[in-house]
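Some notes on the structure that comes next.
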Amino acid sequence: MPSQDLLQRRFDILGKRAPLFYDDPLHIVRGEGVWLYDSDGRKYLDAYNNVAHVGHCHPRVVDAICRQASTLNTSTRYLHETIVCYAERLAATFSQPDMMVMFCCSGSEANELALRMARECSGGMGVISTANSYHGNTAAVSQVSSLLSPPERRGKQTRTIPVIDPYRDRAGRDDAALVDAYCTEVGKAIDGFEGDGQRFAGMILCSGLSAEGLPDMPKGYMRRVAEQVREAGGFFIADEVQGGFGRFGSHFWGHQVQGVVPDIVTLGKPMGNGHPMAAVIARRHIVERFTEMNPMYFNTFAGNPVSCAAGMAVMDVIEDEGLTGNARATGDYVLTQLHGLAGRHPVIGDVRGRGLFFAVELVRDCESKVPAPDAAKAVINAMRDAGVLISRIGPFDNILKIRPPMPFSRDNADQLIETLNRVLSLLSTQG
Ligand code: PMP
């Protein structure tokens, strides 16, 4: 059993806590489009991986990487056409006309740089983030990633606000009242820094509140939050690492969906379709101030010609294959079908989504809304056994997370929905 042997060797060398999906981990050897193939040749529909944004091993991205890698790969300390063209093309996707680009190699690194910018340019250290957030793994970023660090490890320079949650915490309030209440939490956090003698630097917010469980953010919430942050002298950082590059369908970036104009934006995951690349995009005055205060920002591998060729090919494919439009059309279809399933399966407490990003919240019963993490675990494992890959998120781990590569088609959507329907029916008969 080569996969069992590989699993044991992995445990021995990487440790048992290096995360793996599923009770019966998958040994994937090949990917193509929305499909993944295991070592026995079995085919899985990938309804989870957003890194392979334009599809696994997209030939145009592979070709761009190969061509550039066989021509030249250096750091950004030399002039190179592709680096500048790609940065210009990225900057042009933002509503603000004055965005500048700084390349990084991972989302964590981008958020680390964004925090430094906010802190050094504001002269403060206090940063607000949300409960159950994930922004990355560096020392500073893990302090604002409340999912990783318990309150005692976050330090005085970080304050956590509750996640706006219309499903669990509406309590008879309309959207406006809900927004008011959750904005009060932002105000309290800002005042709290002052009380602690910490100057306020800003706030980092994942523009889809992805790890937080993808709540349906009421209109105006993010915009109000950003205004509050700026009024208090801080910078608003939109973390687009997970949801960017058209995933939400109606807009290229999640913050644009929310009608907010961030000071600093961070990108990563889907940017190179698996090639490790990330970036900080920030207003010119911030970048200029930051670079005046630091002799230089240099990052050996970031923004190299191969990365930029990969990034450029990703942008070409998104445009040429109309993938943002597909995210909207197929996404709307999936959402309607998921709502249909909710009518048939009482374990589904709530369905949320936008573009090709969905959350299906499982509960013991719809009245009490008591989270059902065991059901969620059983569903994702049964889905895997039935050939469809999804995962779960949220503070209670009870939310099915569905976030497929962008070329996901209607046929793929039907397979996803039929399989989920079958799995939920089976599990309900098993009690
Ligand atoms: N921000 C968000 C919202 C993320 O989802 C992630 C990765 N899950 C990161 C930052 C960190 O990115 P990376 O793993 O590339 O460091």
Side-chain angles (χ1 to χ4, degrees), residues 14 17-21 48-53 102-118 127-149 158 160-161 163 202-215 217 222 225 236-248 253-258 260 262 264-282 299 301-303 307 310-311 314 354-359 390-395 397 399 401-405:
L14 302 182
R17 303 208 53 145
L20 272 169
F21 285 122
Y48 177 73
N49 285 293
N50 70 325
V51 170
H53 193 62
M102 293 168 99
F103 287 112
C104 306
C105 300
S106 71
S108 302
E109 214 180 57
N111 283 329
E112 176 78 23
L113 180 60
L115 289 181
R116 264 185 72 198
M117 273 183 171
V127 173
I128 301 173
S129 66
T130 44
N132 215 64
S133 60
Y134 185 75
H135 298 287
N137 58 28
T138 66
V141 176
S142 58
Q143 285 192 322
V144 297
S145 296
S146 50
L147 181 69
L148 290 186
S149 41
T158 305
T160 306
I161 54 160
V163 180
M203 173 160 174
I204 182 164
L205 193 73
C206 170
S207 52
L209 292 174
S210 312
E212 293 87 338
L214 208 75
M217 245 182 284
M222 209 173 177
V225 167
F236 183 76
I237 305 167
D239 180 340
E240 295 279 353
V241 170
Q242 194 161 158
F245 291 90
R247 172 152 304 272
F248 292 118
W253 303 111
H255 64 266
Q256 292 168 340
V257 175
Q258 301 298 328
V260 74
I264 305 171
V265 184
T266 56
L267 323 177
K269 280 173 169 270
M271 198 171 174
N273 213 47
H275 186 86
M277 58 188 301
V280 172
I281 319 281
N299 190 325
F301 299 120
S307 299
V314 168
R354 184 178 279 279
L356 280 171
F357 203 156
F358 314 94
I390 62 170
S391 188
R392 60 180 173 144
I393 39 165
D397 257 344
I399 302 170
K401 179 181 189 181
I402 303 172
R403 189 196 49 181

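Basis for what follows: all heavy atoms, side chains included, without hydrogens, waters or symmetry-related copies. Values in this document were obtained by computation on a predicted structure and should not be read as measured data. Ligands are counted one by one from 1 in listed order, and the atoms in each one are counted from 1 as well.
Counting atoms of ligand 1 from 1 in the listed order, those under 4.0 Å from a heavy atom of S106 are 15 (O), 16 (O). Listed by number with element, the atoms of ligand 1 under 4.0 Å from a non-hydrogen atom of N111 are 1 (N), 10 (C). Short contacts between ligand 1 and H135, defined as distances under 4.0 Å to a heavy atom of the residue, involve ligand atoms 1 (N), 9 (C), 10 (C), 11 (C).
In this structure, M271 and F103 have side chains that are in contact, with non-hydrogen atoms separated by less than 4.5 Å. Contact annotation: the side chain of N111 never approaches that of T138 to less than 4.5 Å [non-hydrogen atoms, C-beta and beyond].
For S149, the side chain to side chain donor-acceptor pair (under 3.5 Å) test picks out no residue, with sequence neighbours left out. Looking at residues two or more places apart in sequence or on another chain, you find a side chain to side chain contact (heavy atoms under 4.5 Å, CB included) between S142 and L148.
Inclusion of G107 in the set of residues having an N or O under 3.5 Å from an N or O of ligand 1 is warranted. Geometrically, ligand 1 and S108 share a nitrogen or oxygen pair separated by less than 3.5 Å.
Ring planes of F21 and Y48: perpendicular class, angle over 60° (limits at 30 and 60°).
Summarising the contacts of atom 3 (C) of ligand 1 with L267, D239, N137, the nearest heavy atom is found in D239. For atom 5 (O) of ligand 1, the candidate residues are E212, E109, E112, Q242; the nearest heavy-atom contact is made by Q242.
Counted by atom type alone, H255 and S207 present zero donor-acceptor pairs between their side chains at under 3.5 Å.
Here K269 has side-chain heavy atoms under 4.0 Å from ligand 1, and that is the only part of it that gets that close.
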